[in-house]
Amino acid sequence: MSRSGRAGLRSSVLGSCIALVALLAGGCALGTGDDKKHAVELAERLYPGQLRLIGARTLFPQSTGSEVTFAVKDDPDAVVRLRIDSGKGNCERERCEGALTEAVTRGRKQAAEFRLMRSAFERCGHPIIGLGPTASEPWVAATLTNDNVTAVLGELGRCAVGWSASLTAAGSPPQSDGSYGLPVGARALRVKVVRPDVAQRRPAADPAWPTLARLTTSKLQAALAKRTYFTAAFTLRDGRDDPVTSGIAISRTFEDRQAFGRRVQKHVGDRLRLTRPGVALSSYNGVWSLEPGRIDRFTGYVLFCDEPAHDRTCLGDHAVRVTVDDNGVPVSDLQIIRGVREGNGPLRLPSN
């Protein structure tokens, strides 16, 4: 290597080291050691003998500091999560004493509300095997077929009603302010349904962890979502035992979605070209909705152009509304909807 090259290398290495030192000096914790130590000391000072350390993870690069997790010794379900940055001497810009107090209160409240949900679902025959990103996204195991999907949806609706009623009886009123399309004063529940064989293969968490820690691990979520699953969405109001349901939606893996899209493109394209030999199909896979009472019939849109585009990719000037089976074969007539897009403009599909 030339002298100038060696000098440049030394300069680059020195610059990287200076940048790393500056990063560390600025309080960016690349490990959890100091944060964990300070969190444990704080827990022993404020809640002596009540909290047990179960884990810690760094928040870098999204944020500085760490998330330190505790179990509550007199509550086997509760999890306390404290975000602490010992380098900055605070917990998400707040005093750590107040932040830990809030975290303990929140953890106990979430555990109490989870027990109400667990009891409601066990009473209606669908034990909870996991919890999604929010406490209102339980996972259950069930085999869905065309013969039982309506009945299972009704059972899950009764689970949802029991959960909502128990929350109200415990003094926890609905919190919706009308955001996200929910009526004011309503609760939302999204029940994810996975096949029993997938549920049986889910990873087991440390039995020493509290329930809410075991049910929310990223490994468990990934295992349950590894195969096709269904989601039943419910909207509930106090004093009513008839939840509003949007039916059951299907969630496929990326590979399964792509394969399904290719099957639909082939079969619908073949059908279209019987009367429109020059059409070009868009690669848009679209959103496909399950037909009521079926888990093997899907209604959605295929986009096409009247002829192959020589100067641009066919984004889809027109659409075909169609119902297909799981193999992508049309089981309904093709409903042509013209003019769903102008040029490269936005897509305008019918709302229904």
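Along the sequence shown, residues carry numbers from 1. Atom set for the values below is all heavy atoms of this structure, side chains included, hydrogens, waters and symmetry mates excluded.
In terms of modelled atom types and a separation under 3.5 Å, the side chain of Asp325 and the main chain of Val329 share a donor-acceptor contact. Without hydrogens or angle criteria, Arg341 side chain to Leu315 main chain gives a donor-acceptor distance under 3.5 Å. A donor-acceptor pair under 3.5 Å is absent between the side-chain atoms of His318 and the main chain of Ile337, judged by distance alone. In this structure, Gln221 contributes its side chain and Leu131 its backbone to a donor-acceptor pair below 3.5 Å. Formation of a donor-acceptor pair under 3.5 Å by the Ser166 side chain with backbone atoms of Gly162 is found in this model. Looking at Asn148, its side chain does come within 3.5 Å of a backbone N or O of Thr143 through a donor-acceptor pair. Within the 3.5 Å criterion, the main-chain N or O of Asp147 finds a donor-acceptor partner in the side chain of Thr145. Within the 3.5 Å criterion, the main-chain N or O of Ala223 finds no donor-acceptor partner in the side chain of Arg202. Under the 3.5 Å distance criterion, the side-chain polar atoms of Thr245 are matched with a main-chain donor or acceptor of Ala233.
There is a side-chain donor-acceptor pair under 3.5 Å between Thr168 and Arg187. For the residue pair Asp34 / Ser86, no side-chain donor-acceptor distance below 3.5 Å is found, with atom types taken as modelled. One side chain, Asn285 or Gln258, offers a donor N or O that lies under 3.5 Å from an acceptor on the other.
At least one side-chain heavy atom of Leu189 sits less than 4.5 Å from a side-chain heavy atom of Met117. Side-chain contact between Ile336 and Arg338 is present, with heavy atoms from C-beta onward closer than 4.5 Å. Taking the side chain as every heavy atom from C-beta outward, Asp75 and Arg115 approach each other to under 4.5 Å. Here the side chains of Leu215 and Phe114 are in contact, with some heavy-atom distance below 4.5 Å. Contact of the Tyr301 side chain with the Pro350 side chain is registered, since non-hydrogen atoms from C-beta on lie closer than 4.5 Å. Trp139 is listed as a side-chain neighbour of Tyr229, based on a closest heavy-atom distance under 4.5 Å. Residues Leu224 and Ile129 are in side-chain contact: their nearest non-hydrogen atoms beyond the backbone lie under 4.5 Å apart. Within the 4.5 Å cutoff, the side chain of Glu97 has heavy atoms near those of the Leu46 side chain.
The two residues Ser136 and Ala188 make their nearest non-hydrogen contact at CB-O, 3.5 Å. Smallest separation of non-hydrogen atoms from Gly65 and Asp85: N-OD2, 3.7 Å. Cys314 and Phe304 make their closest contact through SG-C, 3.9 Å (heavy atoms, listed as atom of the first residue, atom of the second, distance). The minimum heavy-atom distance linking Val104 with Leu51 is given by the pair CG2-CD1, 4.1 Å. Nearest heavy atoms, Thr323 versus Glu291: CG2-CG, 4.0 Å. Here the closest heavy-atom approach between residue Gly130 and residue Leu220 is recorded as CA-CD2, 4.1 Å.
Expressed to the nearest 0.5 Å, how far OG1 of Thr228 lies from CZ of Arg257 amounts to 9.5 Å. Note that the CG atom of Leu334 and the CG atom of Leu272 stand 5.5 Å from one another [nearest 0.5 Å]. Rounding to the nearest 0.5 angstrom, the gap separating the CG atom in Leu156 from the CH2 atom in Trp163 is 13.0 Å. To the nearest 0.5 Å, the span separating CZ on Arg348 from CD on Glu342 amounts to 5.0 Å. With rounding to the nearest 0.5 angstrom, the CD atom of Glu94 is 12.5 Å from the CD1 atom of Ile84. A distance of 8.5 Å separates CG in Leu212 from CZ in Arg118, rounded to the nearest 0.5 Å.
With a 6.0 Å radius and a threshold of 12 heavy atoms from other residues, nucleotides or ligands, Arg273 has its CZ atom above the threshold. The environment of CG in Asp333 is sparse: at most 12 heavy-atom neighbours from other residues, nucleotides or ligands sit within 6.0 Å. The number of heavy atoms from other shown groups lying within 6.0 Å of CZ (Arg45) is above 12.
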Asp74 vs Arg108, salt bridge (Lys or Arg N to Asp or Glu O under 4.0 Å): CA-CA, chis, key distance, verdict: CA-CA 10 Å; Asp74 65 352; Arg108 288 185 178 278; 3.0 Å; yes
Pair Tyr47-Phe70, side-chain contact (heavy atoms from CB on, under 4.5 Å): steps then yes or no: CA-CA 11 Å; Tyr47 297 92; Phe70 296 94; over 6 Å; no
Check against side-chain contact (heavy atoms from CB on, under 4.5 Å), Glu102 and Thr105: CA-CA 5 Å; Glu102 291 178 6; Thr105 301; 5.7 Å; no
side-chain contact (heavy atoms from CB on, under 4.5 Å) between His267 and Arg271, worked out: CA-CA 6 Å; His267 291 293; Arg271 182 78 64 87; over 6 Å; no
CA sep, side-chain torsions, deciding dist, call: Gln265, Arg262, side-chain contact (heavy atoms from CB on, under 4.5 Å): CA-CA 5 Å; Gln265 293 279 322; Arg262 288 191 295 269; 5.6 Å; no
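For Glu41, there are no side-chain hydrogen bond (donor to acceptor under 3.5 Å, both in side chains) partners, not counting sequence neighbours.
The cluster map of Ile, Leu, Val, Met, Phe, Trp and Tyr, joined by side-chain heavy atoms under 4.5 Å apart, puts Trp209 and Val72 in different clusters. Transitive grouping of hydrophobic side chains (ILVMFWY, heavy atoms separated by less than 4.5 Å) brings Leu144 and Leu290 into a common cluster. Connection of Val191 to Val149 is established within a shared hydrophobic cluster, with ILVMFWY side chains joined at heavy-atom distances below 4.5 Å, either directly or through further cluster members. Under the 4.5 Å side-chain heavy-atom criterion for ILVMFWY residues, no single connected hydrophobic cluster contains both Ile295 and Val194. Ile250 and Val198 sit in two unconnected hydrophobic clusters of ILVMFWY residues. Membership requires side-chain heavy atoms under 4.5 Å apart, directly or through other members.
The cationic atom of Arg263 (NZ for Lys, CZ for Arg) does not lie both less than 6.0 Å from the six-membered ring centre of Phe298 and within 45° of the ring axis.
Sorted by first and then second residue, the disulfide bond (SG atoms under 2.5 Å apart) pairs with a member in residues 274-304 form an empty list; sequence neighbours excluded.
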